[in-house]
Amino acid sequence: MPVYRDECVILRTHKLGEADRILTMLSRSHGKIRAVAKGVRRTASKFGARLEPFMVADLQLYEGRSLDIVTQAESLGSYGADIVSDYGCYTAANVMVETADKLTDAEAGLQQYLLLVGALRALARREHDPQLTLDSYLLRALSVAGWSPSFGDCAVTGEPGPHSAFVVQLGGVVSDAAAPPGAPRLDVATLALLGALLTGDWATAEAAPEGTRNQASGVVAAYTQWHLERGLRSLQHFDRTVPRAIAGTTPGVLS
C-alpha cells in the first residue's frame, strides 16, 4: 500500500470497535481524508491524544481502499485543551469544523485548510472574542468557496453603495431597485462590522458594541446556512442572537 505524509486538522472522530477510531480530517495537500487510527482509545496509545478534534498533526498514512490508516502522528498544534476549557470557544470551534467539513465535501484546497487552522489557533490563544472569530471565519470560508458576500456595492447590479437592503439569496446588500418587497434593512454600523470581519479589520470589529455584533452575527448565520443548503447542528449550541427580519429571509433554514 502507498505511504504518504500530510499535515491535517482533525474535524471529527467516531469510535470503531473496542480500541480504534475513525478520523475525518482536512489536510494541507490531499483534501479531506477519512482514516482509521488503530489502538488510539487505549490508555497506552502513543499518539491517541494527538488525534482529537481541533488538533493539528503531521501524519504518516497508508492508503487503503475505503479508509486510510494512520501509522504515525507528530503534533503541530495542540489547540484542543485550550479550546474546550472555554464553552464559547468550544462551541465556536464546533461550528468551524462542521462548516469546513461541509464546504470541502466536493473540493478542498489549501486556503480552506490554512483558514481553519488559523481560526482554531486564534480561539485557543483567545486573540479575539469567540463570536467575532467565528463570524470572520464563516465569511472568509464562504468567500474561498466562491460565495463572497457583498456589503458595499449592490450584489445584483454592481451599483456603488452604500445600500441598506440585505438579501441572503442574492448575495448581500442590494440597491433599492433590485430589493424585493419587504427586504430587511441593515444599519451602517452593522454593515461596517460585517465588512471588517470579512477583511480582517480587527480594530473596527472589536470596537463594535454588543448589539451590532449580535445583528451582524445573525446575518452571518443566515448567509452561511443558506449557501450550505442545510442547517448547522452545532450552531444551535452557540450563543448568538438572530434578528427576526434576517431569519425570516431563509425559511426552514434557521431554527
Are [X] and [Y] linked, directly or through other ILVMFWY residues, by side chains that come within less than 4.5 angstrom of each other?
X: Leu103; Y: Leu110; value: yes
X: Ile22; Y: Tyr62; value: no
X: Tyr79; Y: Val84; value: yes
X: Val36; Y: Leu59; value: no
X: Trp147; Y: Val219; value: yes

Output, in order, the C-alpha distance, side-chain angles, deciding distance and verdict of side-chain contact (heavy atoms from CB on, under 4.5 Å) for Leu232 and Gln225.
CA-CA 7 Å; Leu232 293 170; Gln225 294 185 101; 4.2 Å; yes
Minimal non-hydrogen separation, [X] against [Y], with atom names:
X: Ala145; Y: Gln112; value: N-NE2, 3.8 Å
X: Ser234; Y: Glu98; value: OG-OE1, 2.5 Å
X: Leu76; Y: Ala57; value: CD1-C, 3.8 Å
X: Pro160; Y: Asp153; value: CA-OD1, 3.2 Å
X: Leu123; Y: Pro130; value: CD2-CA, 4.0 Å
X: His237; Y: Thr91; value: O-CG2, 3.7 Å

More than 12 heavy atoms of other residues, nucleotides or ligands under 6.0 Å from CZ of Arg233: yes or no?
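It does not: Arg233 CZ has 12 such atoms or fewer within range.
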Gln111 CD: over 12 foreign heavy atoms closer than 6.0 Å
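Atom CD in Gln111 is not packed in, count stays at 12 or less.
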Sidechain-backbone polar pair: [X] side chain, [Y] backbone, donor-acceptor under 3.5 Å:
X: Asp58; Y: Glu7; answer: no
X: Ser85; Y: Asp82; answer: yes
X: Tyr223; Y: Leu139; answer: no
X: Ser75; Y: Arg50; answer: no
X: Arg213; Y: Leu193; answer: no
X: Arg21; Y: His14; answer: no

Side chains of [X] and [Y]: does their closest heavy-atom pair fall under 4.5 Å?
X: Thr224; Y: Val95; result: no
X: Leu132; Y: Glu206; result: yes
X: Leu191; Y: Pro162; result: no
X: His30; Y: Leu61; result: no
X: Arg28; Y: Leu114; result: yes
X: Ser143; Y: Leu198; result: yes
X: Tyr113; Y: Val56; result: yes
X: Leu235; Y: Thr99; result: no

For Arg140 and Ser136, does a side-chain donor sit closer than 3.5 Å to a side-chain acceptor?
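Note: Arg140 and Ser136 side chains meet the donor-acceptor criterion.
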Looking only at side-chain N and O atoms, does Asp6 offer a donor or acceptor that is under 3.5 Å from a partner on Ser27?
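Yes.
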Do Tyr4 and Asp68 pass the side-chain contact (heavy atoms from CB on, under 4.5 Å) test, and can you show the C-alpha distance, the side-chain angles, and the key distance before you say yes or no?
CA-CA 10 Å; Tyr4 67 96; Asp68 297 347; 2.4 Å; yes
Starting at [atom1] of [X], measure out to [atom2] of [Y] and round the result to the nearest 0.5 Å.
X: Ile33; Y: Leu23; atom1: CD1; atom2: CG; answer: 10.0 Å
X: Glu127; Y: Thr133; atom1: CD; atom2: OG1; answer: 7.5 Å
X: Glu210; Y: Asp129; atom1: CD; atom2: CG; answer: 9.0 Å
X: Ser164; Y: Asp187; atom1: OG; atom2: CG; answer: 9.5 Å
X: Glu52; Y: Thr13; atom1: CD; atom2: OG1; answer: 6.0 Å
X: Met96; Y: Cys89; atom1: CE; atom2: SG; answer: 8.5 Å

Just do the side-chain contact (heavy atoms from CB on, under 4.5 Å) check on Leu16 and Arg41 with the steps written out, would you?
CA-CA 10 Å; Leu16 178 65; Arg41 290 165 54 206; 5.6 Å; no
Would you sort out whether Glu159 and Val174 count as a side-chain contact (heavy atoms from CB on, under 4.5 Å), showing the intermediate values?
CA-CA 8 Å; Glu159 179 184 339; Val174 295; over 6 Å; no
When you check the gap from the basic side-chain N to the acidic O, do Lys32 and Asp101 get nearer than 4.0 Å?
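The answer is yes: the pair qualifies as a salt bridge.
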Salt bridge (Lys or Arg N to Asp or Glu O under 4.0 Å) evaluation trace for Arg185 with Asp176
CA-CA 10 Å; Arg185 303 276 172 169; Asp176 291 339; 2.8 Å; yes
With side chain to side chain donor-acceptor pair (under 3.5 Å) as the criterion, how do Gln215 and Thr190 come out once you've worked through the C-alpha distance, each side chain's angles and the decisive distance to 0.1 Å?
CA-CA 7 Å; Gln215 178 85 1; Thr190 301; 5.0 Å; no
